[in-house]
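What you see is a predicted model; the values in this text were computed from it and never measured. Because only heavy atoms are used, hydrogens play no part in the values below, and waters and symmetry mates are left out as well, while side chains stay in.
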Amino acid sequence: MRNPNQVLTAVIMAGGKGERFWPKSRMRCPKQFLSLTDDGETMLQKTVKRVSGLVAMEHIYIVTNAEYMQLVQEQLPEIPAGNLLAEPVPRNTAPCLALAAAVISKRCGNATMIVLPADHLIRHEGICSDVLCRAAAAAEETDSLVTIGITPTYPETGYGYIAFSRAKNLPHGVYQVDSFKEKPDIETARCYVNSGNYLWNSGMFVWKTDVFLTAVEQYLPEAFAIAMEIQSACDTPDFDAVLQKRFPDMPSISVDFGILEDAERLCTIPGSFGWDDVGSWPALKRVAKTDTNGNYRDGDIITVGTKDCVFSGREKLIAAVGLENIVVVDTADALLVCDMDAAQNIKKITEILREQGRGELL
């Protein structure tokens, strides 16, 4: 059971570029600000809605890139302006979360902090809420850094994995993290799934702010020192200036590499609630409606003898004949045609466009 006197907060990370969803996801409006489901809600709005049943609105924080602040404000007018934290430059997830923890600690003391990426979809929201509540209780009871692991349902090569085991000193349903594994090849992924001792790394975490900041101080002392400077300026007229000046000096590193892989008090709670990180176009076949031939359709689409494809268009008709396992995405200024199995490489297109100086297409 959770401590009823412990303040529960949520931090939603909304600064990603979503480059594997090009050409629909662009720098000016990346994936988390798009609607990918029939209800019209953007992924960011869905994430806030997901946690709003657990966390009071005044304790929900959004960390995003400064250039996306207007989008956040337009999509989430109910979030207090002071809870929107704008990173002057991208610095990956460890600095992002150190910033958020420093601000929350200044305002709420040693609060419990749920961390969620803004660009995931979840099919069973109620089950997810139950898992987050259990994770919060575990974080409070054990003073551990808690990660939510997803019970794998197939050998996915696009996700990182968590190796876990039982430990006598942990509450029921809470497991010890043995190691993190990078995205595997297909044979390794099959071994992971068949063993029953691995979870997908969801990027969802729960911890107390003091526990996390202590870990930042231990493993990323430079980031901790900067976070404390920013914390001192929090809720003063100098906050924006200090943030602008000092945050760019943070090391650019993920929380997994920078802290969690070396942390001593780290545990995981397995979850099965229809989670998908919607990392690339093929994911839409898993999370959205498809026709009788397994095709995802968004726009004016006609198919003949076509199956297991993803189609996303605008005003223009997309007609497909005899296709299988193909992604076709049409926007006002770009057309993507991609083999489904190569969708993880879409990011390379954006790298080439950047090298060519074609910023208008990014």
Side-chain angles (χ1 to χ4, degrees), residues 2 4 6-18 25 28-88 93 96-97 99-109 111-133 135-136 148 202-207 209 230-231 234-237 239-240 243 273-278 287:
R2 286 203 59 243
Q6 183 82 7
V7 176
L8 185 62
T9 67
V11 174
I12 297 173
M13 299 181 290
K17 297 178 181 178
S25 177
R28 62 183 178 274
C29 189
K31 179 179 65 170
Q32 61 270 27
F33 301 107
L34 301 176
S35 174
L36 300 179
T37 52
D38 295 336
D39 56 20
E41 291 181 322
T42 67
M43 302 187 81
L44 175 60
Q45 290 169 331
K46 280 184 171 296
T47 307
V48 170
K49 186 176 180 180
R50 179 175 309 135
V51 78
S52 62
L54 302 175
V55 180
M57 202 63 68
E58 63 265 27
H59 292 315
I60 297 178
Y61 289 77
I62 313 294
V63 187
T64 189
N65 194 285
E67 63 185 294
Y68 303 145
M69 279 293 283
Q70 184 175 346
L71 281 171
V72 174
Q73 291 168 341
E74 290 172 355
Q75 294 192 4
L76 300 173
E78 68 274 23
I79 300 292
N83 290 12
L84 307 182
L85 304 177
E87 299 172 314
T93 53
C96 162
L97 296 177
L99 167 64
V103 170
I104 291 171
S105 179
K106 174 76 172 287
R107 293 176 177 172
C108 304
T112 301
M113 179 172 150
I114 295 173
V115 177
L116 301 175
D119 56 356
H120 293 177
L121 290 180
I122 288 171
R123 190 173 297 111
H124 306 298
E125 299 281 4
I127 299 174
C128 178
S129 294
D130 290 343
V131 171
L132 291 174
C133 285
I148 308 299
S202 72
M204 302 164 63
F205 312 106
V206 185
W207 45 57
T209 53
I230 296 171
Q231 183 188 66
C234 179
D235 295 328
T236 75
F239 178 70
D240 288 341
L243 180 63
F273 39 76
W275 169 90
D276 200 297
D277 80 340
V278 201
V287 302

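One N or O on the side chain of K31 and one on the backbone of V278 form a donor-acceptor pair closer than 3.5 Å. A donor-acceptor contact shorter than 3.5 Å is absent between the side chain of D276 and the backbone of L121. A donor-acceptor distance shorter than 3.5 angstrom exists from the side chain of Q231 to the backbone of A102, with no hydrogens or angles considered. A donor-acceptor distance shorter than 3.5 angstrom exists from the side chain of T9 to the backbone of T112, with no hydrogens or angles considered. Counting only distance, with no hydrogens or angles, the side chain of Q32 and the backbone of G16 share a donor-acceptor pair below 3.5 Å. Proximity of a side-chain donor or acceptor of S25 to a complementary backbone N or O of K17 within less than 3.5 Å is detected. Under the 3.5 Å distance criterion, the side-chain polar atoms of S202 are matched with a main-chain donor or acceptor of I148. Using modelled atom types, one side-chain atom of T64 and one backbone atom of A14 make a donor-acceptor pair closer than 3.5 Å.
For C128, the side-chain contact (heavy atoms from CB on, under 4.5 Å) test picks out R50, I122, L132, M204, F273, with sequence neighbours left out. The ring pair (Phe, Tyr, Trp, His ring centres under 6.0 Å) check on Y68 picks up F33, with sequence neighbours excluded. In this structure, the ring pair (Phe, Tyr, Trp, His ring centres under 6.0 Å) partners of H120, at least two apart in sequence or on a different chain, are W275.
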Query raised in the report: Can L34 and M43 be said to form a side-chain contact (heavy atoms from CB on, under 4.5 Å), step by step?
Result: CA-CA 6 Å; L34 301 176; M43 302 187 81; 5.8 Å; no
Requested in this report: Kindly indicate, with the supporting measurements, whether the criterion side-chain contact (heavy atoms from CB on, under 4.5 Å) is fulfilled by V287 and L36.
Outcome: CA-CA 9 Å; V287 302; L36 300 179; over 6 Å; no
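The shortest non-hydrogen separation linking V206 to A135 is CG2-CB, 3.7 Å.
No option in E58, R107, H59 other than R107 meets the side chain to side chain donor-acceptor pair (under 3.5 Å) test with N83.
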